[in-house]
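Report on the structure given below.
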Amino acid sequence: MKFDTILETVGEFGPSQRRLYTLLSLPAIYNAAVCMVIFVFLFAVPEHRCAIPGLNNDTFPIQNEAHADLINRTIPLVLNNHGDQTHSSCIIYSAFPNASSRDVNTDTEPCHKWVYDKSVYQTTVAQTMDLVCDRKLYVSHAKMMAMVGQLIGVLIGGPISDMFGRRRVILVSTLVSIILSICLSWITDYYLLITVVLVIAASNNMQYLSCFVFSMECVGPSKRMLVGVAMSLYWSAGNIIAALMVFLMRDWRSRQLAISIPGVLFAYLYFLPESPRWQYSKGKTTEANKTVMKLAKGNNVSLTDNMLHDVTCKLDKHDEQFWDILKSPIMLKRTLIILYNWLAIGMGFYGLSMNVTNLSGNVYINYFLFVLVEACAYVICLLLMDRIGRKKMLCTAMLMAGIACALSFVPFFVTETPNKWIINILACLGNTCVSAGFAAVYVFTAELLPTTSRNFGMGISSVLCRVGSISSPYINDLTMHITGRYSQILPMLVFGGVSFIAGLLVLLLPETLNADLPETIKDAEELGTTTNPEPLPLDSECDSRITEES
């Protein structure tokens, strides 16, 4: 007897599963808060300029006329990214006139001390460690290390979870993340700090993936799309909390402690059961039966030992191997298209979120709007994906993301002084659409690939997503290396172009709404060649089935 049959008897999403799902989803709030603060705010670079040599009370704001005159005679003027003149952040005059002389001095040298604007950020890692000028690439490297950590979490999280169980991976990864997140506040060495950031990102990703898989394994097939997308709402809740924390606490060390210490509340994870589906797959029948009995009792369903006889979670063996999907021209084309979409979504999702610090206006309001509309995107997916289909949802989301980002060029084209809020709104809309694409591509990928290659395909897709996210910090930091009036929107143009191409490519894929999940490559090739039945009601058992392999 298959485990899904037992779930239909116990209840596909009864009170027991809802309680378990909530307990597994709550860590996503902590996960998102820690990760997004690291990605977006930890390494933010405040406005700064060279410090006046020998002046101990120098500040970024001009104190008086004498201070302004001293700055003008010490630091040359340069053009900033907006085309305005400002005092240099990297060079000073090498021969500083020590009198009131206004003689012009053209000899310059690099400065080695800086003053920072503290009106937006009280402190950041970039300010504490002076990651500016010839060290400005260190900021991109640090963000890249966080993305590499997520990639490592993807690569090792699945195999370790399959070997040792969901519960153990969740416990260990949560413990490592909490301890290192707290310790991060006291680290003063750059290389140690980025190493810790890498491990935190890897641990958080392993925790999230294991919680996600665990929750999907304990609900029936007809509820897996709902459960899978709904967990993203917990992630959005964590983003909203992060937005509030960074606004209220401008010092990075105290903020890091305030976000990390509440993680100890997740000690309740120790009392969670192991996934019964994993237990059955490993031959731990006695333990699995006890877990299923507890789920049934919580759902007010009576089960007997005979009903749990010969339960299996193993698939029927097939002659096909996972790499055989690459031998099919049709499936190779579809796989490449879906992989490019994962790359574009990873690049755009994290890139647009991190780009919030490059936009005009209040960075905290911008970020709050970003995370708010991201939550709206997930709700839209829940409401529409079973009505309009996966293909239309993903295609529309990516095309709209590309158009929204590309339209940021129009205000600069039609006027010399573009309304900066228009650009912010377009960036917010682009982030909303990419977030919707993120939710859609998970389901679409699982339904496009055959059972014999689904694990392989989802794993490679996650890797491509992380490759896209790793490149996003360097695309965002183009604003630090390229000056001119268009530098502010350059990252958005790159993200927009990549997303628009992804949306066009989706048109070449078949629709999977209400189609049976393909078991073999031949089944997958036939998707789109026959007319699918009319959409069934939203609560139908046929809606959006995602198997345990996805």
Side-chain angles (χ1 to χ4, degrees), residues 36 39-41 44-47 79-86 117 119-121 236 239-240 242-243 246-247 344-345 347-380 395-438 472-504:
M36 296 313 293
F39 293 157
V40 181
F41 293 99
V45 182
E47 291 290 328
L79 292 177
N80 62 15
N81 290 340
H82 303 290
D84 303 322
Q85 281 195 330
T86 185
D117 181 10
S119 62
V120 179
Y121 311 102
S236 293
N239 282 339
I240 293 173
V246 295
F247 175 74
I345 289 171
M347 184 186 299
F349 181 80
Y350 290 99
L352 288 171
S353 296
M354 288 187 288
N355 191 51
V356 69
T357 56
N358 294 329
L359 299 177
S360 303
N362 189 299
V363 64
Y364 302 107
I365 294 178
N366 291 343
Y367 181 69
F368 178 76
L369 291 175
F370 267 55
V371 299
L372 192 62
V373 299
E374 180 185 327
C376 294
Y378 297 138
V379 173
I380 290 172
C395 178
T396 303
M398 299 308 291
L399 288 178
M400 289 184 63
I403 293 171
C405 292
L407 284 177
S408 62
F409 177 78
V410 175
F412 285 84
F413 184 76
V414 298
T415 177
E416 290 292 327
T417 57
N419 189 320
K420 296 175 181 179
W421 271 105
I422 295 178
I423 299 172
N424 292 2
I425 292 172
L426 290 172
C428 194
L429 178 60
N431 185 68
T432 305
C433 295
V434 172
S435 299
F438 214 153
S472 59
Y474 295 96
I475 297 173
N476 275 323
D477 290 342
L478 289 174
T479 57
M480 296 194 301
H481 306 282
I482 300 176
T483 59
R485 65 193 304 258
Y486 298 111
S487 63
Q488 179 187 357
I489 62 170
L490 186 57
M492 288 182 60
L493 295 178
V494 175
F495 297 140
V498 173
S499 299
F500 191 81
I501 293 173
L504 291 177

Taking only distance into account, with no hydrogens and no angle test, what donor-acceptor pairs under 3.5 Å do side-chain atoms of residues 429-438 form with protein atoms, sequence neighbours excluded?
unit_1: N431; atom_1: ND2; unit_2: F370; atom_2: O; d: 3.4
unit_1: T432; atom_1: OG1; unit_2: C428; atom_2: O; d: 2.9
unit_1: S435; atom_1: OG; unit_2: N431; atom_2: O; d: 2.8

Q: Please name all residues satisfying side-chain contact (heavy atoms from CB on, under 4.5 Å) with V363, sequence neighbours left out, ordered by chain then number.
A: F41, V120, Y121, T357

Q: Please identify each residue that fulfils side-chain contact (heavy atoms from CB on, under 4.5 Å) with V498, with sequence neighbours left out.
A: Y340, A344, M347

Q: Return the minimal non-hydrogen interatomic distance between M492 and S408, and the atom names on each side.
A: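 Closest approach of M492 to S408: CE-CB, 3.7 Å.
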
Q. For V246 and A243, which heavy atoms make the closest approach, and how far apart are they?
A. CG2-O, 3.2 Å

Q) F39: what forms a ring-ring contact (aromatic ring centres under 6.0 Å, His included) with it, not counting sequence neighbours? A)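 Applying ring-ring contact (aromatic ring centres under 6.0 Å, His included) to F39 gives Y350.
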
List for me each residue that meets side-chain hydrogen bond (donor to acceptor under 3.5 Å, both in side chains) alongside [X], sequence neighbours excluded, and say none if there are none.
X    : answer
N362 : none
Y367 : none
Y378 : E374

Q: State the CG-CD1 distance between L372 and I365, to the nearest 0.5 angstrom.
A: 12.5 Å

Show which side-chain atoms of residues 398-407 pair as donor or acceptor with protein atoms under 3.5 Å away, not counting sequence neighbours.
none

